[in-house]
Amino acid sequence: MNGLQAVQTTINGRATVAEPVLRPRRIRISPALRRMVRETALSPSDFIYPLFVRHGQGERRPISSMPGQFQLSVDELAKEAESVLELGIPAVLLFGIPAEKDWCGSDNFSPYGVVPEAIRALKEAAPELIVISDMCFCEYTDHGHCGIINSPMVDGYNTALPEGYLLNDPTLELLGRASVVHAEAGADIIAPSAMLDGMVGSIRGALDEAGLEHVPILSYAAKYASSFYGPFREAAESPPSFGDRSQYQMDPANRREALKEVALDVAEGADMIMVKPALPYLDVLAAVREEFKLPTAAYQVSGEYAMLHAAAANGWLDLERCALESLTSIKRAGADMILTYFAKDAARWLAGRQ
Ligand code: PBG
């Protein structure tokens, strides 16, 4: 008899199934035993906490679709940094909401732009906190797209390309410029999130040329055109004024294409790679983690956060348990790092469980 079969017994001449030989439940009998055999353990050091920064003083503007998250002014951000570090979270990711938006997103490459100011303040308040700069133009352009849009009104207008098309190569130059400005302000990591062709290579080139060869790139390598970014667009005040991002972000239906996108970013010099969103794309995350040997991040995006909060607010789900289960699943699927709005709450919940 092989161990996978149950013992067959005969009662009144009829074969019945009874007494399994193998009992996986033996190692689930107590919390201590379950903890001993647990394959995946979450820790605050897995988390990267995204923060939204705006100009002003003493501002903490709640983001209604993301309960517990705020747009913070630079001074408030510095206070936030201390509590993030105290909880054992190693890094934050910065998004800027500029005072003025324009056709080319100039606040993003101004040394006095909102993010460079925030980086300097954070580095002063908490030098050991890792500051990651989200590198994209959608928060900075008046049309809300992730770069320069082809139109007779703009520098770089290309008559061969359709009007309304996102101009890839002229935008690369600006991404390089902005990356240098952010790195010079003290950003520890540049995280390009625009899904433009060649963005990692051109940012690497710009950083190296500026003598910033030590600054790593965390590429949003497989980023999907996801509707789960909905709440973020309110948070960052960055909804596109026309169309959507499907011409540059990936089609949610594609998995093989993610491997191609990641391979290109790796070849262009990405030091770390990211899959985004997280929970609806765990198959992609697992495939990327398997194929590439780089540190791999997953971004639990605004919609994933908002869904759990909305269900919990209705009394339909237990927020703490569901959030920790989601984060554990993301780690189990292969994430070395998780960008999550739950970072602070999850760090507290984990501390309460030990
Ligand atoms: C910027 C950017 C976005 C997000 C992260 N970086 C928005 C977008 O691509 O539309 C989404 C984050 C979230 O939903 O939490 N390009």
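Every number for a ligand or one of its atoms is a count from 1 in the order of the listing. All values derive from a computational prediction rather than experimental measurement.
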So which protein heavy atom does [atom] come closest to, and at what separation?
atom                    : answer
atom 15 (O) of ligand 1 : Y341 OH, 2.6 Å
atom 12 (C) of ligand 1 : F232 CD1, 3.3 Å
atom 10 (O) of ligand 1 : R233 NH2, 2.6 Å
atom 4 (C) of ligand 1  : K276 NZ, 2.6 Å
atom 16 (N) of ligand 1 : K223 NZ, 3.0 Å

Which ligand 1 atoms, with their elements, are less than 4.0 angstrom from a heavy-atom of [X]?
X    : value
F95  : 5 (C), 6 (N)
C138 : 1 (C), 16 (N)
S193 : 1 (C), 6 (N), 16 (N)
R245 : 8 (C), 9 (O), 10 (O)

Can you see whether [X] engages [Y] through a side-chain donor-acceptor pair at a distance of less than 3.5 angstrom?
X    : Y    : value
E304 : S326 : no
Y305 : Q69  : yes
Y157 : E163 : yes
Q57  : S73  : no

Can you give the donor-acceptor pairs under 3.5 Å from side chains of residues 215-222 to other protein atoms, not counting sequence neighbours?
unit_1, atom_1, unit_2, atom_2, d
S219, OG, D265, OD2, 2.5
Y220, OH, D134, OD2, 2.6

Fill in: S302, portion touching ligand 1 at heavy-atom distance under 4.0 Å
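Both backbone and side chain.
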Worksheet item: Does ligand 1 have a heavy atom under 4.0 Å from the side chain of Y305, from its backbone, from both, or from neither?
Response: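 It is neither part, as no heavy atom is under 4.0 Å.
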Discussion item. Looking only at distances, can you tell me whether any N or O atom of Q300, backbone or side chain, sits closer than 3.5 Å to an N or O atom of ligand 1?
Written reply: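 N/O-N/O distance below 3.5 Å does not exist for this pair.
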Worksheet item: Does ligand 1 have an atom that lies less than 4.0 angstrom from a heavy atom of E304?
Response: no
Worksheet item: In terms of side-chain geometry, is the basic nitrogen of D208 or R204 positioned less than 4.0 Å from the acidic oxygen of its partner?
Response: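 Yes, this pair counts.
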Discussion item. Does R61 qualify as a cation-pi partner of F70, given the criterion of NZ or CZ under 6.0 Å from the six-membered ring centre and within 45 degrees of its axis?
Written reply: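 Pair R61/F70 does not count as cation-pi.
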Discussion item. I'd like to know if the side chain of D336 reaches the main chain of T296, judged simply by a donor and an acceptor atom lying under 3.5 Å from each other, with no hydrogens or angles considered.
Written reply: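 Flag set: sc D336 to bb T296 pair under 3.5 Å.
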Discussion item. Looking at R233, I want to see if its CZ is surrounded by more than 12 non-hydrogen atoms of other residues, nucleotides or ligands under 6.0 Å.
Written reply: yes
